[in-house]
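I have placed the structure first, in the form of structure tokens, so that the comments after it can refer back to it.
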Amino acid sequence: MIGLVLLMTVSFCYAMFQGGFVSWFIFYSFLPFSVYASILLFYPLHDFTVERKVNKRECQTGESVEIALTFTRKNRLPLLFMVVEEELPQEMEDRGLQRKIIIFPGFKRTFSMSYTLENLQRGEHSFQSIRFWIGDFFGLVEKEAIYSSPLKITVFPRYHELAYSDLDRVFNQGAMVSTKKTQREHSVVSGVREYQPGDQLSWINWKATARTSEIMTKEFEVQKNRDVFIMLDEKPSDLYEESIEMAASIAHAMLKKGMEIGYVSMGSRLIIPAAAGNKQKRKIFYRLVKEEPGVVNALNENVRKGILPANAAVIFIVSDLTLEKVDILSAFRPIQGLMLCVKKQADVTDEERFSISTAISRGIKISFFEHGHLKFDRSEVMAK
């Protein structure tokens with residue numbers, strides 16, 4: 001404001017004392033810009049309304065989300081430009097993401113802008129405020145406003161579509177849910193579905209196949225003799241996200257087959273009781289969204305309190321094998337345990353081989369499932 005008044009005073013005094021066409025031409029040429037800057041100085045930014053829209057509030061890791069901002073004002077005062085900055089969540093700023101865009105509203109009362117957040121990472125991302133400012137031609141006047149517009153985007157972990165043969169690889173060291181391992185009991189047929197790799201020929205429903213012109217197999221109800229709980233190693237590791245995705249894949253596959261599973265969080269006191277269905281899948285996946293690597297382990301205390309059922313089976317997903325993790329799983333005895341490692345078996349160190357021997361001697365089964373051998377399937381929307 002002081003700079004604007006000073007420039008107006010200097011140009012007027014120059015015209016008065018110098019006289020002539022040039023001096024007055026300079027004064028009157030600068031006058032419209034000064035008047036516009038003066039109007040902007042009192043322009044009511046609080047009259048703006050800001051609406052934020054997003055094409056989806058839930059997605060999977062690696063997907064993109066498009067966000068659209070719509071600004072509405074009450075008058076048509078021409079705005080030379082407006083700089084809009086989205087105040088991103090801290091985890092996105094740590095990755096170096098910035099969303100600052102310049103738009104040119106002109107005389108428009110309603111104008112919009114959009115941007116895309118690409119390759120989103122697992123977690124709950126909370127957006128709070130939108131910051132924008134306007135200015136004049138020479139930068140003499142700038143006005144800024146911040147609008148609160150809360151938005152939460154939940155990014156679920158990716159998961160793999162595991163075939164029956166994949167589950168057999170996981171449980172190839174022993175039965176976890178029944179003597180048939182992960183194959184369905186053949187006593188009760190609940191329906192038909194499309195053929196999947198690993199299905200037995202005896203499961204094919206020939207009548208449905210002839211009717212649909214596609215290979216259809218029988219769908220069996222699962223009869224199990226114990227609850228299964230998935231437990232995740234939350235120690236910091238380069239393969240931590242791969243462990244998360246493997247936990248999601250196992251949960252998705254087993255729930256899809258009608259099994260009842262639960263989840264145990266090592267970093268907190270939370271234990272999700274065993275259940276089946278899409279609601280259970282959402283509970284487990286939502287917990288996986290919140291999991292973060294840490295050094296705190298509250299699991300032993302929970303075990304001592306006997307929270308898990310006595311006949312439960314535990315799948316402990318780890319990124320490496322240590323005696324400490326063997327001891328953690330041993331604490332569940334007489335509960336049956338399987339330790340699933342998401343690394344190449346060829347990369348096992350001597351220390352890990354000793355841990356494997358110790359685990360086997362304690363009745364713990366060890367299985368390796370390399371993360372890179374599976375393909376992602378994003379076709380299924382998370383059921384609410």
Side-chain angles (χ1 to χ4, degrees), residues 1-55 64-118 120 125-153:
M1 180 63 180
I2 298 177
L4 178 62
V5 173
L6 181 61
L7 285 176
M8 283 291 296
T9 303
V10 170
S11 60
F12 179 75
C13 292
Y14 176 75
M16 287 291 295
F17 289 103
Q18 182 68 23
F21 172 79
V22 175
S23 57
W24 284 106
F25 177 80
I26 294 175
F27 173 75
Y28 284 112
S29 297
F30 181 68
L31 185 60
F33 299 100
S34 301
V35 172
Y36 178 76
S38 301
I39 295 174
L40 281 186
L41 193 63
F42 300 98
Y43 188 76
L45 285 182
H46 62 272
D47 287 342
F48 273 74
T49 58
V50 184
E51 182 182 14
R52 182 200 273 124
K53 292 183 178 179
V54 61
N55 63 338
S64 300
V65 170
E66 183 176 350
I67 298 178
L69 301 177
T70 301
F71 299 85
T72 304
R73 53 184 180 143
K74 296 181 179 180
N75 55 65
R76 294 185 179 272
L77 177 72
L79 296 179
L80 178 64
F81 69 91
M82 185 167 74
V83 179
V84 182
E85 182 179 10
E86 179 81 82
E87 296 188 357
L88 299 176
Q90 185 62 45
E91 59 270 17
M92 291 187 178
E93 291 184 357
D94 293 341
R95 292 172 53 205
L97 295 180
Q98 292 185 353
R99 284 295 176 267
K100 184 182 293 184
I101 301 175
I102 183 170
I103 56 179
F104 305 96
F107 292 89
K108 298 177 183 178
R109 292 183 61 183
T110 301
F111 46 93
S112 304
M113 57 160 285
S114 63
Y115 64 91
T116 301
L117 293 173
E118 299 179 345
L120 289 174
H125 306 292
S126 299
F127 298 76
Q128 298 297 333
S129 303
I130 300 170
R131 176 173 172 260
F132 64 91
W133 62 92
I134 59 176
D136 66 326
F137 293 89
F138 301 109
L140 298 174
V141 174
E142 282 191 358
K143 294 200 69 176
E144 177 183 316
I146 298 177
Y147 281 80
S148 177
S149 181
L151 170 68
K152 181 179 292 185
I153 297 177

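Numbers here are sequence positions counted from 1.
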Can you tell me how far the [atom1] atom of [X] sits from the [atom2] atom of [Y], to the nearest 0.5 Å?
X: N55; Y: T116; atom1: CG; atom2: OG1; value: 8.0 Å
X: L41; Y: Y36; atom1: CG; atom2: OH; value: 12.5 Å
X: K108; Y: L79; atom1: NZ; atom2: CG; value: 12.0 Å
X: I102; Y: M113; atom1: CD1; atom2: CE; value: 11.5 Å
X: I67; Y: I130; atom1: CD1; atom2: CD1; value: 9.0 Å

*Go through D136 and F33 one step at a time and tell me if the side chain to side chain contact (heavy atoms under 4.5 Å, CB included) criterion holds.*
CA-CA 8 Å; D136 66 326; F33 299 100; over 6 Å; no

Quick one: does [X]'s side chain get under 4.5 Å of [Y]'s, heavy atoms only?
X: F48; Y: M82; value: yes
X: I153; Y: F127; value: yes
X: T70; Y: T110; value: yes

*Going by the angle between their ring planes, with limits at 30° and 60°, are F71 and F111 parallel, tilted or perpendicular?*
parallel

*asked:* My understanding is that only one of E144, E87, E86 makes a salt bridge (Lys or Arg N to Asp or Glu O under 4.0 Å) with R131; could you say which?
replied: E144

*Of all the heavy-atom pairs spanning K53 and E51, show the shortest one and how long it is.*
CE-OE2, 3.0 Å

*Is a donor on one side and an acceptor on the other found under 3.5 Å between the side chain of K143 and the backbone of Y43?*
yes

